[in-house]
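Beneath this line is the structure, given in structure tokens, with notes to follow.
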Amino acid sequence: MRDYECDMQGIVNNAVYFNYLEHARHEFLHSRGVDFTALARDKVNLVVVRSEMDYKNSLTSGDKFEVTVAFEAISKLRFGFRQQVIRQPDGAVMLQALVIGTALNAKGRPFVPAELGLLAEPV
């Protein structure tokens, strides 16, 4: 974490957590072969439609943390990511989140691309 991400109270500003979660989702998808550039080239846009965040504790300047990501199928048109921000080394949960998304095709219609649907299958 960077000092400029903290507010006047010395804790990470609540809006900054959105960036942490998004970065972790992108890394998660990339690690599983989902290519955002190829999707965009094919006129498929992944979008967030809902974010639920439960703040449990506050990160402060200098804290080390990790962000977990678990994919789940929500419906035929939506998928979700259950995420946690966990402070290291004590393992304290700072935040729990559910981010729900969909993909929009070239006509702006929602769907779940095949490569994302595969993420819900057991490995």
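We use all heavy atoms of the structure for the numbers below, so side chains are in, but hydrogens, waters and symmetry mates are not.
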**Asked** Going by atom types only, do Gln83 and Tyr20 share a side-chain donor-acceptor pair under 3.5 Å?
**Response** no

**Asked** Taking only residues two or more places apart in sequence, or in another chain, which ones meet Arg32 in a salt bridge (charged side-chain N to carboxylate O under 4.0 Å, His left out)?
**Response** none

Rounded to the nearest 0.5 Å, how far apart are [atom1] of [X] and [atom2] of [Y]?
{"X": "Phe111", "Y": "Arg78", "atom1": "CZ", "atom2": "CZ", "answer": "15.0 Å"}
{"X": "Gln84", "Y": "Lys56", "atom1": "CD", "atom2": "NZ", "answer": "9.5 Å"}
{"X": "Asp35", "Y": "Arg41", "atom1": "CG", "atom2": "CZ", "answer": "6.5 Å"}
{"X": "Thr102", "Y": "Arg109", "atom1": "OG1", "atom2": "CZ", "answer": "13.0 Å"}
{"X": "Gln88", "Y": "Phe65", "atom1": "CD", "atom2": "CZ", "answer": "10.5 Å"}
{"X": "Ile11", "Y": "Leu59", "atom1": "CD1", "atom2": "CG", "answer": "9.5 Å"}

Side chains of [X] and [Y]: closer than 4.5 Å at any heavy-atom pair?
{"X": "Gln96", "Y": "Tyr55", "value": "no"}
{"X": "Val93", "Y": "Val85", "value": "no"}
{"X": "Val16", "Y": "Asp7", "value": "no"}
{"X": "Leu39", "Y": "Leu46", "value": "yes"}
{"X": "Phe18", "Y": "Met53", "value": "yes"}
{"X": "Phe28", "Y": "Leu119", "value": "yes"}
{"X": "Glu72", "Y": "Phe79", "value": "no"}
{"X": "Met94", "Y": "Val12", "value": "no"}

**Request:** Mark yes or no for whether Asp42, through its side chain, and Val44, through its backbone, hold a donor-acceptor pair below 3.5 Å.
**Result:** no

**Request:** Spell out, as yes or no, whether a donor-acceptor pair under 3.5 Å connects the side chain of Ser51 to the backbone of Val99.
**Result:** no

**Message:** For His26, is the NE2 atom crowded, meaning more than 12 foreign heavy atoms sit under 6.0 Å from it?
**Reply:** yes

**Message:** Tell me whether the count of non-hydrogen atoms from other residues, nucleotides or ligands lying under 6.0 Å of CD in Gln9 goes above 12.
**Reply:** no

**Request:** Please test Leu95 against Val67 for side-chain contact (heavy atoms from CB on, under 4.5 Å), starting from the C-alpha separation and ending with a verdict.
**Result:** CA-CA 9 Å; Leu95 174 107; Val67 181; over 6 Å; no

Would you say [Y] ends up clustered with [X] if hydrophobic residues are merged whenever their side chains have heavy atoms under 4.5 Å apart, either directly or through other cluster members?
{"X": "Ile100", "Y": "Leu104", "value": "yes"}
{"X": "Val69", "Y": "Val34", "value": "yes"}
{"X": "Val48", "Y": "Leu98", "value": "no"}

**Message:** Run the side-chain contact (heavy atoms from CB on, under 4.5 Å) test on Leu29 and Leu116 for me, step by step, so that the C-alpha distance in whole Å, both residues' side-chain angles and the decisive distance to 0.1 Å come before the verdict.
**Reply:** CA-CA 8 Å; Leu29 291 171; Leu116 290 185; 3.6 Å; yes

**Message:** For Phe71 and Phe81: C-alpha separation, side-chain torsions, deciding distance, then whether ring pair (Phe, Tyr, Trp, His ring centres under 6.0 Å) applies.
**Reply:** CA-CA 5 Å; Phe71 182 88; Phe81 298 93; 5.4 Å; yes

**Nearest atoms (heavy-atom pairs only) where Ser75 meets Val112** = O-CG2, 4.4 Å

**Request:** Provide the closest heavy-atom pair for Cys6 versus Ser61 in the form atom of the first, atom of the second, distance.
**Result:** SG-N, 3.9 Å

**Prompt:** Can Arg50 and Glu52 be counted as an ion pair, charged N to O under 4.0 angstrom?
**Reply:** yes

